[in-house]
Amino acid sequence: MPELPEVETIRRCIAPEIVGQTVTNVIVRNASLRWPVPTDLARCLPTQKIISVERRAKYLLLRTDAGSAIIHLGMSGKLLVCRQNKAVEKHDHLDLVFANGKILRFNDPRRFGCALWTSDDPTQHPLLATLGKEPLEDGLTAEYLFHQSRGRSLKIKEFLMNSRIIVGIGNIYANESLFAAGIHPGRAAGRISLKRYERLKAAIKEVLTNALRQGGTTLRDFCDAAGNPGHFQLQLMVYNRAGESCRSCGSLIQQIRIGQRSTYFCKKCQR
DNA sequence: ACTGGCTCCTGAGGGC
DNA sequence: TGCCCTCAGGAGCCAG
């Protein structure tokens, strides 16, 4: 399940392969993703050169002079850079074909992902315009989280997973960040002190940075655009560890549900 | 203005 | 071996 470290890993992997390359063809095998793949994508992208591959939240932005492709991997999406003659597999929904004979192939079994086209500034697209702070940028401060959370009763874990507040944090890294900060995931966001948000902010940056350094987390099938898995799963402190002992204090890791999501924590280390 | 619940989808895994 | 059930989750959307 690609979160910020996984999407950024993919971005870093595909950027050197496709920046400066000209798109010669777009093959849409299945347009029925989360939103229909717009016909403009296949109409406008060919003949365009990729200027840059950027990331905003969990969206990848492929910029050209004519506009930008916006790609989200959803739950199960993968991007692979490969030769054009690679056999088409199940759920290979989309290919961007480049002049050098390579292709960028989008595969997504659950089809929660999307591939869109905009001729305008992609950061102003409706899906991106209202996004919150990037966690690895300086704009994310304890004061920001503190002020955004005042008067709000929702649980801190849901607050962290709200992309209008802060982006890129999905279930794995919300659990891990809260453990690293020593905060119980069910605590009301509005009742956490500035001092504890200071610790949480540092924990988020540290967890995401470490995960990025490890090439992301591979639980089942995440891999980068070259097919390599990540390694951060070896360092998970709580996620997917229900009933196992806390790596810090030895207590058993608890599993509860918050917002229809599996939530893992150590009741001794997190208050 | 918030908040919680529903929804899309496929594949893995468990029980029988 | 096969079938059925449950679970996994990003994030938009909507009702209260």
Side-chain angles (χ1 to χ4, degrees), chain A residues 1-11 29-38 55-61 70-79 89-94 106-116 118 122 125-135 145 147-178 185-192 208 211 216-223 229-230 232-233 236 238-243 255-264:
Chain A
M1 44 223 75
E3 302 181 31
L4 187 150
E6 290 76 30
V7 177
E8 179 63 19
T9 294
I10 289 171
R11 189 196 69 77
R29 296 190 191 82
N30 182 359
S32 113
L33 301 182
R34 174 158 194 181
W35 294 282
V37 178
R55 180 189 57 75
R56 171 72 172 114
K58 298 173 189 168
Y59 293 93
L60 287 168
L61 310 175
I70 301 173
I71 296 174
H72 195 292
L73 300 173
M75 258 295 293
S76 55
K78 280 188 194 180
L79 284 173
E89 294 179 26
K90 201 175 179 185
H91 310 305
D92 282 344
H93 305 311
L94 178 71
F106 180 79
N107 176 292
D108 185 9
R110 290 179 203 177
R111 292 192 277 123
F112 282 12
C114 67
L116 303 171
T118 178
H125 187 279
L127 289 172
L128 281 76
T130 59
L131 290 172
K133 301 280 188 191
E134 284 288 336
L145 293 174
H147 285 125
Q148 289 294 320
S149 63
R150 288 313 88 180
R152 300 188 67 170
S153 60
L154 84 168
K155 296 172 169 63
I156 183 61
K157 180 168 177 252
E158 295 188 280
F159 181 74
L160 285 189
M161 293 176 71
N162 182 340
S163 62
R164 316 252 166 226
I165 305 293
I166 177 171
V167 301
I169 302 180
N171 203 31
I172 295 175
Y173 299 112
N175 280 299
E176 294 297 312
S177 298
L178 287 167
R187 183 167 290 277
R191 293 182 167 267
I192 293 174
L208 293 179
T217 301
T218 297
L219 289 174
R220 185 169 299 149
D221 55 8
F222 167 76
C223 62
F232 191 68
Q233 64 277 9
L236 293 175
V238 288
Y239 185 82
N240 219 15
R241 298 193 66 240
Q255 178 175 8
I256 57 174
R257 282 187 90 74
I258 289 180
Q260 288 93 250
R261 296 288 178 265
S262 291
T263 302
Y264 305 87

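The sequence lines fix the lettering, A, B, ..., with proteins before strands; numbering per chain opens at 1.
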Parallel, tilted or perpendicular for A:H72 and A:Y59, by the 30°/60° rule?
-> perpendicular

In short, A:L33 meets A:G113 closest at the heavy-atom pair CB-O, 3.3 Å

In whole angstrom, what separates A:I156's CD1 from B:dC2's C1'?
-> 16 Å

Does some side-chain heavy atom of A:E176 sit less than 4.5 Å from a side-chain heavy atom of A:V238?
-> yes

Rounded to the nearest Å, what distance is computed from the CD1 atom of residue A:I165 to the P atom of nucleotide C:dG12?
-> 13 Å

With heavy atoms under 4.0 Å as the rule, sort A:K90 into base, sugar-phosphate or nothing.
-> sugar-phosphate

Say whether A:R111 and A:S32, considering side chains only, have a donor N or O and an acceptor N or O under 3.5 Å apart.
-> yes

Rounded to whole Å, CG of A:L160 lies from P of C:dA11 at a distance of 14 Å

In whole Å, what is the span from the CZ atom of A:R111 to the P atom of B:dT7?
-> 18 Å

Using a cut-off of 4.0 Å on non-hydrogen atoms, how would the nucleic acid contact of A:L73 be classed: base, sugar-phosphate, or nothing?
-> nothing

What is the distance from CD1 of A:I70 to P of C:dG12, rounded to the nearest Å?
-> 12 Å

Side chain to side chain, A:L116 and A:L127, heavy atoms closer than 4.5 Å = yes

Short N/O separations, protein against nucleotides 7-10 of chain C, under 3.5 angstrom:
| residue | atom | partner | partner atom | Å |
| --- | --- | --- | --- | --- |
| C:dA8 | OP1 | A:S262 | OG | 2.7 |
| C:dA8 | OP2 | A:R257 | NH1 | 2.5 |
| C:dA8 | OP2 | A:R257 | NH2 | 3.3 |
| C:dA8 | N3 | A:R110 | NH1 | 3.0 |
| C:dG9 | OP1 | A:N171 | ND2 | 2.9 |
| C:dG9 | OP1 | A:Y239 | OH | 2.5 |
| C:dG9 | N2 | A:R110 | NH1 | 3.2 |
| C:dG10 | OP2 | A:N171 | N | 3.4 |
| C:dG10 | O3' | A:H72 | NE2 | 3.4 |
| C:dG10 | N7 | A:R261 | NH2 | 2.6 |

Can you check nucleotides 2-6 of chain C for protein contacts, nitrogen or oxygen pairs under 3.5 Å, and list what you find?
none

Does A:H91 put a side-chain nitrogen or oxygen below 4.0 Å from OP1 or OP2 of B:dG11?
-> yes

Rounded to the nearest Å, what distance is computed from the CG atom of residue A:L128 to the C1' atom of nucleotide C:dG12?
-> 13 Å

Shortest non-hydrogen separation from A:L60 to A:R11 and the atoms involved | CD2-CB, 3.6 Å

Atom CG of A:L33 to atom C1' of B:dT10: distance rounded to whole Å?
-> 14 Å

Salt bridge flag under 4.0 Å for residues A:R55 and A:E134 = yes

Between atom NE2 in A:H125 and atom P in C:dG12, what is the gap in whole Å?
-> 11 Å

Between the axis at one end of the helix from B:dC2-C:dG16 to B:dC16-C:dG2 and the axis at the other (five pairs apiece), what's the angle to 10 degrees?
-> 50°

Evaluate the side-chain proximity of A:F222 to A:F232: yes if any heavy-atom separation is below 4.5 Å, no if none is.
-> no

Contact class for A:Y59 (heavy atom, under 4.0 Å): base, sugar-phosphate, or nothing?
-> sugar-phosphate

Pick base, sugar-phosphate or nothing for A:S153, based on heavy-atom distances below 4.0 Å to the nucleic acid.
-> sugar-phosphate

Sidechain-backbone polar pair: A:N175 side chain, A:I172 backbone, donor-acceptor under 3.5 Å | no

Nearest heavy-atom approach of A:K78 to A:L73 is N-CD2, 4.1 Å

Exercise: do A:K90 and A:N107 side chains pair donor with acceptor under 3.5 Å | no

Would you indicate which nucleotide in C:dG12, B:dG4, B:dC9 comes nearest to any side-chain atom of A:E158?
-> B:dG4

Donor on one side chain, acceptor on other, A:S262 and A:Y239, under 3.5 Å | no

